[in-house]
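First the proteins, then the strands, lettered A, B, ... as listed; each starts at 1.
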Amino acid sequence: MADTLREQAPPLLAPFYYRDNFQRLCDTVESRYQDLLSAAERDVLRRWRGLPLPAQCLYVRLVSRVGPWFRDDKLAYPELGDIGAALAALDAAGLLLRTADPGWPELERLFTLAEWRRAFAAELNTAPGQGKAELLAAAAALDWSPARYADCLLASTGGALVAPAELEVVELLQLLFFGNRRQGLTDFVLSDLGIANYYPYALDREQRLFSCREAVAEYQGWSQLADDYWILREAEDSEGLRALADLLLVSPLQYDTSAQRYWKLCNRLARELERQGELPLAGELYARSELHPARERLARVLEAAGDWAAARDQCQLILAGPWCEEEYEAAARILPRVCRRLGESVPARRRDTFTTLQLQLPRSDEAVELAVAHYLAPHWQAVHYVENSLMNSLFGLAFWEQIFAPVPGAFHHAFQSAPADMYQQGFRTRREEMLARRLAQLRNGPLLPELLAACRRYRGYDCRWVDWRLLDETLLWQLLCCIPAPQLLAVWERMLFDPGENRRGFPDLIALGEREGDYCLIEVKGPGDQLQDSQRRWLRFFADQGIPAQVARVVWCDD
DNA sequence: ACCAAACACGCAGCA
DNA sequence: TAGTAATATG
DNA sequence: TGCTGCGTGTTTCATATTACT
Ligand SMILES: [Mn+2]
Ligand SMILES: [Mn+2]
């Protein structure tokens with residue numbers, strides 16, 4: 001009864017919203033990158049704009065769906081009226097492809113098991129219990145010409161095969177709009193629905209991500225090779241992987257825009273080659289990469305190859321100018337090993353000693369972190385299982401304005417939850433002054449009102465750092481009551497030093513008391529779990545700063 | 001920050 | 001027929 | 001014991017429909 005009386009909520013999205021989204025994307029790219037588009041590509045846009053509304057809509061539907069081929073008889077869009085007419089309009093504008101032979105894999109996908117059965121009832125003995133894979137194998141064994149299969153199926157089901165033309169142009173437009181390959185038209189929808197809620201930062205319309213068409217082509221080239229890499233790895237084609245490495249080694253890197261992609265691919269491929277024992281080739285790839293962990297892996301490759309002297313030199317190169325703390329520590333671990341091999345003496349590395357709490361707890365179903373939290377609960381006001389999310393969220397609140405500051409090149413489009421350079425060294429250097437001012441401001445005033453204000457002002461907006469499910473004003477009040485401001489500031493400064501590296505490794509639990517200084521960060525270690533390097537680094541830092549932290553080592557008492 | 005990832009846990013093999 | 005994976009959708 | 005590599009689980013918008021086993 002209540003259900004029938006409840007008013008229908010108005011639809012969140014306008015009719016044909018997807019056409020409008022596509023048009024927004026096209027307009028933006030065309031005005032921003034007109035000189036990077038060829039005459040043929042601009043003509044595709046012109047032709048799409050000239051279509052009647054239902055045909056425009058259908059084109060957007062088709063390029064958004066898994067294809068490339070579709071059966072026209074299965075296109076069901078009642079709101080578009082006569083689908084045949086829309087297809088004819090697309091055809092006339094050169095935006096539709098038709099085929100009598102889409103290739104075997106597409107046929108497998110386009111027709112259901114029942115349709116295959118019916119179409120091949122005469123040619124094959126099709127038992128009802130037979131699965132699709134078996135039936136397809138039996139059909140393939142007929143060894144017909146490729147087109148004959150399609151003829152047979154279509155003769156049985158009716159309909160024809162169609163595909164949207166100029167898919168590559170659509171992909172190009174999306175790449176130019178977003179600057180990456182993972183975002184697309186769905187991001188418009190999620191934003192309109194409020195599922196994603198992006199902060200209204202100032203967009204940078206001056207700085208273009210791609211300076212020229214060659215830069216775009218280079219980016220697309222590395223993307224293609226990355227795709228090839230996954231296919232080759234999936235197929236366990238070691239010959240192909242070696243060929244890919246050779247190709248990568250003779251391809252020069254010319255544009256900064258795609259450097260990260262190139263280096264990432266070098267690192268990934270090299271790591272796979274390492275596993276296959278191709279050490280020299282892996283080493284060459286690592287030498288091409290300027291992205292961690294390339295230099296560390298090269299040191300390990302040299303060590304594994306028995307080239308102790310080169311491995312030692314590589315470690316010393318890293319130690320003299322590390323890219324990050326992780327790299328420095330790796331080099332500091334490898335160096336003594338190779339020096340021993342060379343008969344050289346090295347000073348022993350000091351071992352970490354962290355305050356440790358030994359616990360015997362009854363085995364239970366819940367996670368060991370929660371078991372410890374429950375064990376500790378009676379002794380504290382509150383114990384929260386937060387890992388990285390708490391300190392990261394506080395960091396986001398404290399530096400929200402700096403994170404979303406309109407720095408050149410930071411925000412290319414309206415669907416970002418962090419600036420483009422968030423995890424690069426340049427993040428800090430490009431915002432040196434405003435970060436210094438913000439730190440001074442936070443040092444001079446009480447923190448709680450600042451954080452409460454930020455929490456209220458920005459609540460709900462997407463930020464890579466902030467988990468709004470965790471934060472509420474009570475928690476902030478409790479936290480700021482217990483954690484002395486200088487200690488929070490020290491943590492934030494370390495996070496600012498390397499936001500990419502220092503966003504992880506925070507302890508599992510935070511236990512809160514009632515007075516300033518009355519709190520503890522606790523890393524839980526179950527049987528068999530070791531402290532990770534990132535966790536060690538934070539624990540060392542906490543010890544240096546006098547921030548209360550402990551490692552809780554749990555053993556199960558079975559009886 | 002590319003659900004082709006990032007993160008943390010948990011184990012095995014090796015000195 | 002229930003459980004699953006993939007797909008399309010807003 | 002420390003170091004290393006490798007495999008695992010968790011987490012991604014939420015919901016309806018379709019196809020398959
Ligand atoms: Mn943890
Ligand atoms: Mn832990």
Side-chain angles (χ1 to χ4, degrees), chain A residues 9 11-18 21 61-62 64-67 70 74-77 79 108-116 129-135 175 178-197 219 222-223 225-234 260-261 264-265 268 271 274-275 296-297 300 303-304 329-330 332-334 336-337 340-341 348-349 351-352 367-369 387-389 392 415-424 462 464 467 499-500 503-508 523-536:
Chain A
L12 282 162
L13 303 179
F16 314 121
Y17 68 90
Y18 47 96
N21 290 340
R61 282 294 193 207
L62 293 184
S64 307
R65 284 180 53 174
V66 175
F70 299 90
K74 290 226 171 163
L75 297 174
Y77 297 104
E79 72 279 15
E108 289 190 345
R109 187 180 65 77
L110 285 165
F111 297 89
T112 68
L113 175 56
E115 288 165 337
W116 275 92
Q130 192 181 35
K132 187 166 187 178
E134 296 155 76
L135 191 150
L175 175 59
F178 289 105
N180 61 59
R181 282 201 314 165
R182 78 179 185 292
Q183 289 183 290
L185 288 171
T186 47
D187 292 74
F188 284 83
V189 184
L190 295 183
S191 176
D192 287 342
L193 288 171
I195 289 164
N197 185 21
Y219 186 99
W222 304 143
S223 302
L225 293 184
D227 291 345
D228 294 347
Y229 167 75
W230 290 110
I231 292 165
L232 291 169
R233 212 178 72 128
E234 191 74 21
Q260 290 274 127
R261 266 190 100 74
K264 190 114 185 169
L265 179 56
R268 258 206 292 254
R271 194 72 184 77
E274 269 192 86
R275 277 189 269 265
E296 173 197 330
R297 295 309 316 177
R300 293 185 194 280
E303 185 193 14
E329 291 182 358
R333 275 198 298 255
I334 299 166
R337 284 203 304 266
R340 262 195 301 280
R341 297 281 197 168
R349 295 203 309 130
R351 280 177 48 200
D352 291 317
V368 63
E369 291 85 358
E387 283 187 338
N388 302 324
S389 64
N392 284 349
F415 307 93
Q416 293 176 231
S417 53
D421 61 349
M422 186 73 248
Y423 298 135
Q424 295 167 15
D462 290 349
R464 191 79 48 75
D467 184 348
R503 80 198 129 136
R504 56 181 191 257
F506 288 101
D508 295 309
E523 172 54 39
V524 177
K525 285 297 159 197
D529 190 9
Q530 303 294 143
L531 281 174
Q532 295 159 38
D533 291 343
S534 60
Q535 296 171 334
R536 294 202 127 80

Looking at [X], I'd like to know whether one of its side-chain N or O atoms comes within less than 4.0 Å of OP1 or OP2 on [N].
X	N	value
Arg341(A)	dA15(B)	no
Tyr229(A)	dA4(B)	no
Arg61(A)	dG10(C)	yes
Asn21(A)	dG10(C)	no
Arg275(A)	dC6(D)	yes
Arg271(A)	dT4(D)	no

Problem set entry | Gln535(A) side-chain proximity, nearest of dG2(D), dA8(B), dT21(D) |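 Of the options given, the side chain of Gln535(A) lies nearest dA8(B).
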Exercise. Nearest to the side chain of Leu113(A), which nucleotide is it out of dC9(B), dG10(C), dC20(D)?
Worked result: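 Closest nucleotide to the Leu113(A) side chain: dC20(D).
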Exercise. Mapping Trp230(A) and Tyr423(A) to their closest nucleotides on DNA chain B, which lands nearer the 5' end?
Worked result: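 This one resolves to Tyr423(A).
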For this session: Would you mind pulling out the nucleotide paired to dT4(C), Watson-Crick or G-U wobble, both distances under 3.5 Å?
Result: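 Partner of dT4(C): dA19(D).
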Exercise. Does NZ or CZ of Arg503(A) lie under 6.0 Å from the centre of the six-membered ring of Tyr423(A), at an angle within 45° of the ring axis?
Worked result: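 Verdict for Tyr423(A): a cation-pi partner in Arg503(A).
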Problem set entry | Between dA8(C) (P) and Leu193(A) (CG): distance, integer Å |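 In whole Å, dA8(C) P and Leu193(A) CG are 18 Å from each other.
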For this session: Grab the CG-C1' distance between Asp462(A) and dT11(D) for me, whole Å please.
Result: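 For the pair Asp462(A) CG and dT11(D) C1', the rounded distance is 16 Å.
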Atom [atom1], compared across [N] and [M]: separation rounded to whole Å:
N	M	atom1	result
dC2(B)	dC7(B)	P	9 Å
dG3(C)	dT10(D)	C1'	22 Å
dT1(C)	dC9(B)	C1'	39 Å

Within the structure shown, what part of the strands sits under 4.0 Å from [X] by heavy-atom distance: base, sugar-phosphate, or nothing?
X	result
Tyr77(A)	sugar-phosphate
Asp192(A)	nothing
Val189(A)	base
Glu329(A)	nothing
Arg181(A)	base

Exercise. Can you tell if the side chain of Tyr18(A) reaches within under 4.5 Å of the side chain of Phe188(A), non-hydrogen atoms only?
Worked result: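 The answer is no; the side chains never approach within 4.5 Å.
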Exercise. Just wondering, more than 12 heavy atoms not from Arg341(A) lying within 6.0 Å of its CZ?
Worked result: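 12 or below, so no.
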Exercise. Do other residues, nucleotides or ligands put more than 12 heavy atoms under 6.0 Å from the CD atom of Glu115(A)?
Worked result: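 Counting neighbours around CD of Glu115(A), more than 12 heavy atoms of other residues, nucleotides or ligands fall under 6.0 Å, so yes.
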Exercise. Below 4.0 angstrom, N of the basic side chain to O of the carboxylate: do Glu296(A) and Arg300(A) qualify?
Worked result: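 Yes.
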Exercise. What about Arg261(A), does its side chain sit under 3.5 Å from the base of dC2(B) through a donor-acceptor pair?
Worked result: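 Between dC2(B) and Arg261(A), which were checked side chain against base, a qualifying N/O pair under 3.5 Å is present.
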Problem set entry | Considering all heavy atoms, the nearest Val524(A)-Asp508(A) contact |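 Looks like N-OD2, 3.0 Å.
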